[in-house]
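Notes for the one structure printed next.
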Amino acid sequence: MKNANEITLLLVEDDDIDAMTIKRSFKKQNITNPLVRVYDGLEALTLLKENKVTQPLVIILDLQMPRMGGIEFLKVLRADPKLSDLVVFVLTTSKAKTDITSSYGKHIAGYFVKGETGDRFSGLVNMLENYFEIVHLNEE
């Protein structure tokens, strides 16, 4: 069994400022998990299908991205038998009910709105850290 800090984080985020904020928050909370950042859903799917991201992994997904957005990424991910069981948390600016419903319909583990996390972003990071410690992820 791998320990919690061996779970790879796949950050699917096109905004450099948001990606830096997320990385800085993880570092501040002493989360030392390997972090792989990609800029959109197409890039994420390529890495996943070519096994270029170490398992087990957790995906942190933005919805609003060029080329392939988060909802489309989730549809393709869940349709692929080799990738369908991956854990995904959505971290986005969208408060749209359709995005929330569509995301949960694709079996995400949680939906977080960036603007609402603000000072509580460290709480989100703590939640992810606790998640890593208590959840047993499928190891390939």
Side-chain angles (χ1 to χ4, degrees):
M1 173 60 126
K2 293 188 176 195
N3 66 35
N5 65 355
E6 293 180 33
I7 297 170
T8 302
L9 299 171
L10 177 59
L11 176 61
V12 187
E13 172 61 68
D14 65 314
D15 187 280
D16 290 334
I17 304 279
D18 287 345
M20 271 191 334
T21 301
I22 292 164
K23 289 177 184 179
R24 190 177 313 119
S25 295
F26 285 155
K27 186 175 181 179
K28 187 176 180 180
Q29 297 295 117
N30 292 318
I31 293 179
T32 59
N33 297 65
L35 184 107
V36 176
R37 189 242 178 144
V38 295
Y39 292 84
D40 61 39
L42 285 177
E43 191 178 358
L45 285 172
T46 299
L47 287 183
L48 291 167
K49 288 182 178 189
E50 295 176 0
N51 293 317
K52 293 185 177 179
V53 184
T54 306
Q55 301 249 359
L57 67 94
V58 169
I59 299 169
I60 301 170
L61 177 67
D62 186 19
L63 295 185
Q64 314 296 325
M65 295 178 292
R67 295 196 320 159
M68 178 185 275
I71 299 295
E72 187 180 352
F73 169 80
L74 284 168
K75 286 178 186 173
V76 174
L77 186 80
R78 295 305 184 217
D80 186 323
K82 293 180 181 174
L83 305 174
S84 64
D85 63 347
L86 293 177
V87 176
V88 179
F89 288 92
V90 170
L91 179 60
T92 186
T93 56
S94 176
K95 294 181 187 180
K97 293 282 186 204
T98 56
D99 285 343
I100 295 168
T101 302
S102 294
S103 296
Y104 278 112
K106 298 295 180 214
H107 311 292
I108 62 165
Y111 191 103
F112 302 94
V113 177
K114 290 177 187 175
E116 292 178 355
T117 56
D119 293 338
R120 297 178 298 168
F121 189 74
S122 62
L124 171 62
V125 174
N126 283 334
M127 189 275 309
L128 284 173
E129 182 177 32
N130 291 333
Y131 182 86
F132 300 153
E133 290 174 3
I134 62 173
V135 171
H136 296 274
L137 295 175
N138 185 24
E139 296 177 32
E140 297 286 320

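Source: prediction; values computed, not measured.
Proximity of I22 to L91: side-chain heavy atoms (C-beta onward) are separated by under 4.5 Å at one or more points. Looking only at side-chain heavy atoms (C-beta outward), M65 and L42 stay at 4.5 Å or farther from each other. Counting heavy atoms from C-beta on, the side chains of D62 and Y39 never come closer than 4.5 Å. Contact of the I59 side chain with the L11 side chain is not registered, since no non-hydrogen atoms from C-beta on lie closer than 4.5 Å. Side-chain contact between I60 and F112: absent, with no pair of heavy atoms (C-beta onward) separated by less than 4.5 Å. L63 is not listed as a side-chain neighbour of T93, based on a closest heavy-atom distance of 4.5 Å or more.
The distance from atom NZ of K106 to atom CG of L77, rounded to the nearest 0.5 Å, is 10.5 Å. Rounded to the nearest 0.5 Å, atoms CD1 (I7) and CG (L35) are 13.0 Å apart.
Within the structure, every pair that satisfies the salt bridge (Lys or Arg N to Asp or Glu O under 4.0 Å) test and touches residues 18-30, not counting sequence neighbours, is listed here: D18-K114. A salt bridge (Lys or Arg N to Asp or Glu O under 4.0 Å) check over residues 39-48, counting only residues at least two apart or in different chains, returns the pairs D40-R67.
Every residue was checked against the side chain to side chain donor-acceptor pair (under 3.5 Å) condition with K97, not counting sequence neighbours, and none meets it. Residues passing the side chain to side chain donor-acceptor pair (under 3.5 Å) test with R78, sequence neighbours excluded: none. Looking at residues two or more places apart in sequence or on another chain, you find no side chain to side chain contact (heavy atoms under 4.5 Å, CB included) involving N51. Not counting sequence neighbours, the partners of I108 by the side chain to side chain contact (heavy atoms under 4.5 Å, CB included) test are L74, V88, V90, S103, Y104, Y111. For D15, there are no side chain to side chain donor-acceptor pair (under 3.5 Å) partners, not counting sequence neighbours. In this structure, the side chain to side chain contact (heavy atoms under 4.5 Å, CB included) partners of V76, at least two apart in sequence or on a different chain, are L45, K49, M68. For D14, the side chain to side chain donor-acceptor pair (under 3.5 Å) criterion is met by no residue, not counting sequence neighbours.
Taking each heavy atom of V113 and S94 in turn, the nearest pair found is CG2-O, 3.7 Å. Closest heavy-atom contact between T54 and T8: O-OG1, 3.0 Å.
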